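This structure is a prediction, so every number in the text was calculated from the model and none was measured. Naming: A, B, ... by sequence-line order, numbering from 1 per chain.
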Amino acid sequence: MTENLIKPRDLDWHPQPVAKDYRSTHLRAPAHARLHYAPTATEMTGPAFGHAMLGEYDDDLIVNYAAAGQSAIGPRIIVHGTLRDEDGRPVPGKLIEVWQANAGGRYRHKKDDYTAPLDENFAGCGRCITGTDGAYSFRTILPGAYPWPNGGNDWRPAHIHFSVFGDGFAQRLITQMYFEGDPHIALCPIVQSIPDAAAIDRLVARLDMTKTVPMDIRAYRFDIVLRGRSATPFENAMEGT
Amino acid sequence: MGDLKESASQTAGPYVHIGCVPSFAGLSGMYGGRDLGASMITDDVIGHRIAVTGCVYDGDGAPLTDAMIEIWQAAPDGTFAMDGFSSWGRQPSASDTGVFTFNTLKPAAIGNQAPHIMVWIVARGINLGLTTRIYFPDEDNRSDRVFTLAGGRADTMVATATADGYHIDIHLQGPNETVFVDV
């Protein structure tokens, strides 16, 4: 527990709570600044998940909802990378959950009534646990772009949602991965609620020919970084431990 | 290395259920048909069983019916690793009323901290997950430094007693805006 001191978050690097062009933020962004305090045991600890909970195909969205002998429709891709903290240390043994639209841009969700059809062999969710070197990998299909109700002609870039756990619950993070070269990235109010172009660029996965399997499946690389652990313990940081 | 910055957050969006509570989302059979975090009490444990209910309200006073809520708390023994209890739970807000329910155990005080539950909220329109705490109306919270740091707004973190536990209303905006925290 003593190793899990949490570095303060750079809130200017994250998307701003109220994004003028992302309508849903208007009624959901708190007005007050977040109350900041030195971490306690509650923030420095967090749940642990073991490989035993994983099913054989949890990390393969191409087949994990498909009928026997079938597979999801769409360009086949591997998404892989490394989970690190801000100090560059790999973060092993952590749960990563992903979800996404199908190749036509349709989610398997009762609230999604987009015209594009469902794929009966595709659920759109998967999960894996990082290895001892922080590496993770899953197989899926390239999600489609889709329109969304935001008051105008808004289309989401193709993206995959990521939910990530760290050692401490204060490291908990949800983000989205985009694809290199997608012109919708620059047009999307959700992406552009991130003020720093460098922060956006870090959410863009790159085509990775080194992991691309010839005549089979292309690979994209997406590295994820969690909040780091402070080198100098905060005064009183150990209170409650 | 050593100079990396945290990956920027993005909203969980309206379809977070697909990835995090797929059975609730109707994806039958996914992950063995059991949503992670649905059951916090996994054995015949000693402790005060409570139902913690809550609801998150937007600036118009409308309940969020598309949110996902996770909690993290100490066990009755004051640790975060008691046998038969996960300390962690995950629930969707109900798609009609917005109410969420955690069947859990009342946490112990830890060190100088009053008993509390850490709450993490993600949803469409929330760009960076919101963290708050639940404190209890029947405990002395004034000795807790996080509680006292919140000053006159601290009471927004105090649940009310119910027949079988506690209830917390979480307001994202307005005169009763809840205190959100970030260490």
What distance separates [X] [atom1] from [Y] [atom2], expressed to the nearest 0.5 Å?
X        : Y        : atom1 : atom2 : result
B:Leu4   : A:Asp223 : CG    : CG    : 9.0 Å
A:Leu11  : B:Leu128 : CG    : CG    : 6.5 Å
B:Ser7   : A:Arg84  : OG    : CZ    : 11.0 Å
B:Ile110 : A:Thr40  : CD1   : OG1   : 5.5 Å

Is it true that a side-chain atom of A:Trp99 and a backbone atom of B:His17 form a donor plus acceptor pair closer than 3.5 Å?
no
Side chain, backbone, both or neither of [X] within contact of chain A (heavy atoms, under 4.5 Å):
X        : value
B:Val122 : side chain
B:Ser87  : neither
B:His171 : neither
B:Ser9   : both
B:Val16  : both
B:Ile117 : neither

What part of [X] lies closer than 4.5 angstrom to a heavy atom of chain B: side chain, backbone, both or neither?
X        : answer
A:Pro17  : backbone
A:Ile200 : neither
A:Gln100 : neither
A:Val18  : neither
A:His159 : neither
A:His161 : side chain

Who wins among [options] for the most heavy-atom pairs under 4.5 Å with chain B?
options                               : value
A:Ala19, A:Gly126, A:Ala48            : A:Gly126
A:Ala33, A:Ala31, A:Ala199            : A:Ala31
A:Leu173, A:Val164, A:Leu54           : A:Leu173
A:Lys111, A:Arg108, A:Arg127          : A:Arg127
A:Met53, A:Arg172, A:Lys110, A:Arg202 : A:Arg172
A:Asp112, A:Asp196, A:Asp58           : A:Asp112

Nearest heavy-atom pair of [X] and [Y]: which atoms, and what distance?
X        : Y        : value
A:Trp13  : B:Glu6   : NE1-O, 2.6 Å
A:Pro30  : B:Glu177 : CB-OE2, 3.2 Å
A:Ser163 : B:Arg90  : OG-NH2, 4.1 Å

Is B:Ile46 atom CD1 crowded by more than 12 heavy atoms from other residues, nucleotides or ligands, each under 6.0 Å away?
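No, the 6.0 Å shell around CD1 holds no more than 12 heavy atoms from other groups.
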Check: A:Phe169 and B:Thr131 side chains under 4.5 Å, non-hydrogen atoms
no
Who among [options] has the most heavy-atom pairs with chain A under 4.5 Å?
options                              : result
B:Trp120, B:Tyr57, B:Phe180, B:Tyr15 : B:Tyr15
B:Gln73, B:Met30, B:Arg34            : B:Met30
B:Thr178, B:Ile126, B:Thr11          : B:Thr11

Extract all donor-acceptor atom pairs below 3.5 Å that involve side chains of residues 18-27 of chain B and protein atoms in other chains or at least two apart in sequence.
{"from": "B:Ser23", "atom 1": "OG", "to": "B:Gly33", "atom 2": "O", "distance (Å)": "3.3"}

Can you check salt bridge (charged side-chain N to carboxylate O under 4.0 Å, His left out) on B:Asp66 and A:Arg28, steps first, answer last?
CA-CA 12 Å; B:Asp66 56 6; A:Arg28 293 185 169 196; 3.1 Å; yes
Any donor-acceptor pair under 3.5 Å linking the side-chain atoms of A:Thr175 with those of B:Gln10?
no
Check whether the side chains of B:Tyr31 and A:Glu97 place a donor and an acceptor atom closer than 3.5 Å, and report yes or no.
no
According to the interplanar angle, ranging from 0 to 90°, do the rings of A:Phe49 and B:Trp88 count as parallel (below 30°), tilted (30 to 60°) or perpendicular (above 60°)?
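A:Phe49 vs B:Trp88 ring planes: perpendicular.
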Report the C-alpha separation of A:Leu27 and B:Gln173 in whole Å, then their side-chain angles, then the decisive distance to 0.1 Å, and conclude whether the side-chain contact (heavy atoms from CB on, under 4.5 Å) test is met.
CA-CA 7 Å; A:Leu27 287 172; B:Gln173 298 178 352; 4.0 Å; yes
So if I apply the side chain to side chain contact (heavy atoms under 4.5 Å, CB included) rule between A:Arg34 and each of B:Val179, B:Leu130, B:Val183, B:Val181, which one comes out positive?
B:Leu130
B:Asp182 bridged to A:Arg227 by N-O distance under 4.0 Å
yes
